[in-house]
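Comments concern the structure below.
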There are 2 protein chains.
Amino acid sequence: MHPEFETYLRRSGLAEEAVRRVSDLAVARKLRRNELLFSAGEICRHKVFVVSGLLHTFNISAGGNQHILQFAPENSWTLDVESYDRQIPSQVSIGAVEPSEILCWQKKDFDMLLAEVPQLKKFAEGLIARNIHYSRKRILISLSATPEEKYEDFIQTFPDYLARLPLRMIAAYLGISIKTLTRIRHAQLLR
Amino acid sequence: MHPEFETYLRRSGLAEEAVRRVSDLAVARKLRRNELLFSAGEICRHKVFVVSGLLHTFNISAGGNQHILQFAPENSWTLDVESYDRQIPSQVSIGAVEPSEILCWQKKDFDMLLAEVPQLKKFAEGLIARNIHYSRKRILISLSATPEEKYEDFIQTFPDYLARLPLRMIAAYLGISIKTLTRIRHAQLLR
DNA sequence: TGAAATTATGGTCAGCTGACCATCTTTAGC
DNA sequence: GCTAAAGATGGTCAGCTGACCATAATTTCA
C-alpha cells in the first residue's frame with residue numbers, strides 16, 4: 001500500500017502485523033512546493049509522515065518575519081503537537097519546502113492504533129524522547145551560542161539541509177537575520 | 001510517608017494503591033541553598049519531585065555565563081532527560097535556588113513503577129506532553145520575541161518567580177544580559 | 001526556453017546589546 | 001544583630017546586529 005513507509009516501520013522494528021495495521025489507515029497526499037498543510041489559526045487534524053520531500057513548521061511574527069520551528073525531511077514525522085493533542089487552533093503553519101509526498105492519519109485513528117498496537121506505542125515513545133532531547137539542546141544553544149556557533153551547529157547537525165534550503169530559511173530557523181548569516185559565511189570564506 | 005507528595009498524586013487522579021506504590025520507593029532529601037543535585041559531567045541518576053523550595057537546571061558556558069534551562073518549584077518534577085534516559089554524563093547541572101525538600105527515585109525503580117502502575121504511566125505521559133508544549137513555546141519565543149517581550153511573557157507565565165529569583169537568574173533564563181533586563185525594568189518604571 | 005520571481009550578497013547607518021566598572025542596597029547566615 | 005556576600009542599578013563605550021536599499025545571480029514554472 002505505502003511501500004516506503006512500510007519499509008521504514010519494519011526497519012524501526014515493527015512486526016508485519018503491526019506494520020499492516022498502521023499502514024492501512026494512512027491516506028497519501030501530495031504537496032506542491034509552498035503548499036500548506038494548514039495555516040496558523042487552523043487545527044492540526046492529522047499525524048503526518050513525510051515519505052519524500054521536506055516540510056517546515058513556521059510562524060510569521062507581527063513584523064512579518066518568518067520563524068521556523070522545525071524541518072521535517074523524508075522518513076520523519078511532523079505535526080503541531082499542541083494543536084493536535086488538544087485539537088485547538090495552531091499558532092503555526094506547516095508547509096512544503098519541496099514538492100512532497102506525505103501520509104496522513106486522522107487523530108482518532110492514530111489514537112486507536114497507539115492504544116491497540118503496543119509496538120507502535122513503544123516506537124512513538126522513542127520518537128517523543130528524541131524530540132524532547134533535541135528541543136532541550138536547541139533551547140540551550142539559543143541561550144548560549146553566538147550566531148556563528150548556531151550556524152556551525154546547524155550544519156553539523158543537518159549537513160544535507162544546507163543544499164536543500166534557501167539561506168533565509170536557515171536564518172529563520174536559527175533566529176538570526178539573513179544579513180548576519182551572510183556575514184558569517186563571508187567571514188568563513190576568508191579563512 | 002511523604003504526605004505532601006501523596007496529596008499531590010491523589011489530586012492528580014491516582015488511586016490509593018498506586019499512590020502507595022509510588023510513594024514507597026521515594027527517598028527524601030534536603031538541599032541547602034546553592035547545593036547541587038549533580039554537576040555537569042555527572043550522570044543524572046534519579047527522578048526528582050520537588051516537595052518544597054525551588055531548583056534550577058543550568059549550564060555554565062565557556063565564557064563563564066550561566067544559562068538556565070528550567071526552574072522546578074514545589075509540586076513539580078525535574079531531571080536532565082537525556083542524561084537520565086540514557087544514563088550518560090549530563091551537559092547541565094541541577095541545583096537549589098532556595099532551601100528545598102525533594103524526593104528521589106532510582107531510575108530502575110521508577111521504570112518498574114511506570115511498567116507496573118498504568119495510572120502513573122498515563123500521568124507521566126501528561127507531564128511529558130506539557131513539557132513538549134512548553135518547550136515549543138519557548139523556542140518560538142526565543143526566535144521571535146524582543147527582550148522586552150520575553151520578559152513580559154516570563155512574568156505572565158511565572159508571576160511568582162519575580163519575587164523568588166534574583167534578576168540575574170531571570171536574565172539567564174531569558175537569554176539576555178542582566179544589563180538589558182535592568183534597562184527594560186527601568187523603562188517600565190517610567191511608563 | 002524565457003520571463004518573472006526568488007535568492008544571495010553587499011553598502012550604509014542607527015541603535016540595541018553586552019562588557020566592564022563603580023556604587024549603593026539587600027540578603028544570607030553565623 | 002552584624003558582617004560579609006550577593007544583588008541591582010547606572011555610566012560609558014565599542015561593536016554586533018538588523019533594517020533598508022540596490023544589484024547580481026539563480027531558480028522556477030509556464
Side-chain angles (χ1 to χ4, degrees), chain A residues 30-35 53-54 56 58 60-68 95-100 141-152 154-155 161-191, chain B residues 30-35 53-54 56 58 60-68 71 95-100 142-152 154-155 161-191:
Chain A
K30 290 193 181 186
L31 293 174
R32 280 170 299 191
R33 200 173 87 91
N34 292 329
E35 189 175 348
L54 182 60
H56 63 153
F58 65 96
I60 309 288
S61 66
N65 289 323
Q66 186 185 35
H67 305 286
I68 297 181
V97 178
E98 302 172 355
S100 304
I141 287 179
S142 89
L143 290 178
S144 62
T146 63
E148 180 159 10
E149 289 165 346
K150 290 177 187 177
Y151 177 62
E152 285 296 341
F154 182 83
I155 58 185
Y161 283 177
L162 194 53
R164 297 174 75 176
L165 290 170
L167 290 182
R168 66 172 178 81
M169 286 196 182
I170 296 179
Y173 181 87
L174 298 179
I176 63 181
S177 71
I178 175 77
K179 178 75 193 195
T180 296
L181 183 50
T182 293
R183 279 197 264 243
I184 290 168
R185 290 163 54 83
H186 179 78
Q188 290 186 343
L189 278 180
L190 304 180
R191 286 201 310 222
Chain B
K30 290 192 182 190
L31 293 175
R32 278 170 300 192
R33 201 172 88 91
N34 292 329
E35 189 175 348
L54 181 60
H56 64 154
F58 65 97
I60 309 287
S61 65
N65 289 322
Q66 185 185 38
H67 305 285
I68 297 182
F71 295 109
V97 177
E98 303 172 356
S100 304
S142 90
L143 290 178
S144 63
T146 63
E148 180 158 12
E149 290 164 346
K150 289 177 187 176
Y151 177 62
E152 285 294 343
F154 182 83
I155 56 184
Y161 283 178
L162 192 52
R164 297 175 73 177
L165 291 171
L167 289 182
R168 65 171 179 82
M169 286 196 183
I170 296 179
Y173 181 86
L174 298 179
I176 63 181
S177 71
I178 175 77
K179 178 76 192 190
T180 297
L181 183 51
T182 293
R183 278 197 265 247
I184 290 168
R185 289 163 54 84
H186 179 79
Q188 291 185 344
L189 278 181
L190 305 180
R191 286 200 311 220

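Worth knowing before you read on, the calculation uses all heavy atoms, side chains too, and leaves out hydrogens, waters and symmetry mates. Lettering of chains follows the sequences in order, A, B, ..., and the numbering in each one begins at 1. Just so it is clear, the model here is predicted, and its values are computed rather than measured.
- Nearest heavy-atom pair, A:Val97 versus A:Arg33, reported as atom, atom and distance to 0.1 Å: O-CG, 3.2 Å.
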Run the side chain to side chain contact (heavy atoms under 4.5 Å, CB included) check on B:Arg185 and B:Leu167 step by step: do they pass?
CA-CA 10 Å; B:Arg185 289 163 54 84; B:Leu167 289 182; 3.2 Å; yes

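- Under the side chain to side chain donor-acceptor pair (under 3.5 Å) criterion, A:Arg183 pairs with no residue, sequence neighbours left out.
- B:Phe71 and B:Tyr161 have perpendicular rings, their planes meeting at more than 60° on a 0 to 90° scale where under 30° would count as parallel.
- Residues A:Leu54 and A:Ser100 approach most closely at N-OG, 3.1 Å, considering heavy atoms.
- Within the 4.0 Å cut-off from OP1 or OP2 of D:dT9, not a single side-chain nitrogen or oxygen of B:His186 is found.
- Counting to the nearest Å, the C1' atom of D:dA6 and the CD atom of B:Gln66 are 13 Å from each other.
- Exactly one of B:Arg32, B:Arg164, B:Lys30 qualifies for a salt bridge (charged side-chain N to carboxylate O under 4.0 Å, His left out) with B:Glu98. That residue is B:Arg164.
- The ring-ring contact (aromatic ring centres under 6.0 Å, His included) search around A:Tyr151 returns none, not counting sequence neighbours.
- In terms of heavy atoms, B:Glu149 sits closest to B:Ser144 at OE1-O, 4.1 Å.
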With sugar-phosphate taken as primed atoms, P, OP1 and OP2 and all else as base, the protein-contact string of nucleotides 11-23 of chain D at under 4.0 Å (heavy atoms; B, S, -) is BB----BBB----

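- A straight line from CZ of A:Arg185 to P of C:dT7 spans 14 Å, rounded to a whole angstrom.
- Taking a 4.0 Å limit (strictly below) on heavy-atom distances, residues 161-172 of chain B does not reach DNA chain C anywhere.
- Partners of B:Ser177 by side chain to side chain contact (heavy atoms under 4.5 Å, CB included), not counting sequence neighbours, listed by chain and number: B:Lys179, B:Thr180.
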Please produce a list of atom pairs where a protein N or O lies less than 3.5 Å from an N or O of nucleotides 26-30 of chain D.
from, atom 1, to, atom 2, distance (Å)
D:dC29, OP1, A:Arg33, NE, 3.4

Does the pair B:Leu165 and B:Phe154 meet the rule for a side chain to side chain contact (heavy atoms under 4.5 Å, CB included), with working shown?
CA-CA 12 Å; B:Leu165 291 171; B:Phe154 182 83; 4.3 Å; yes

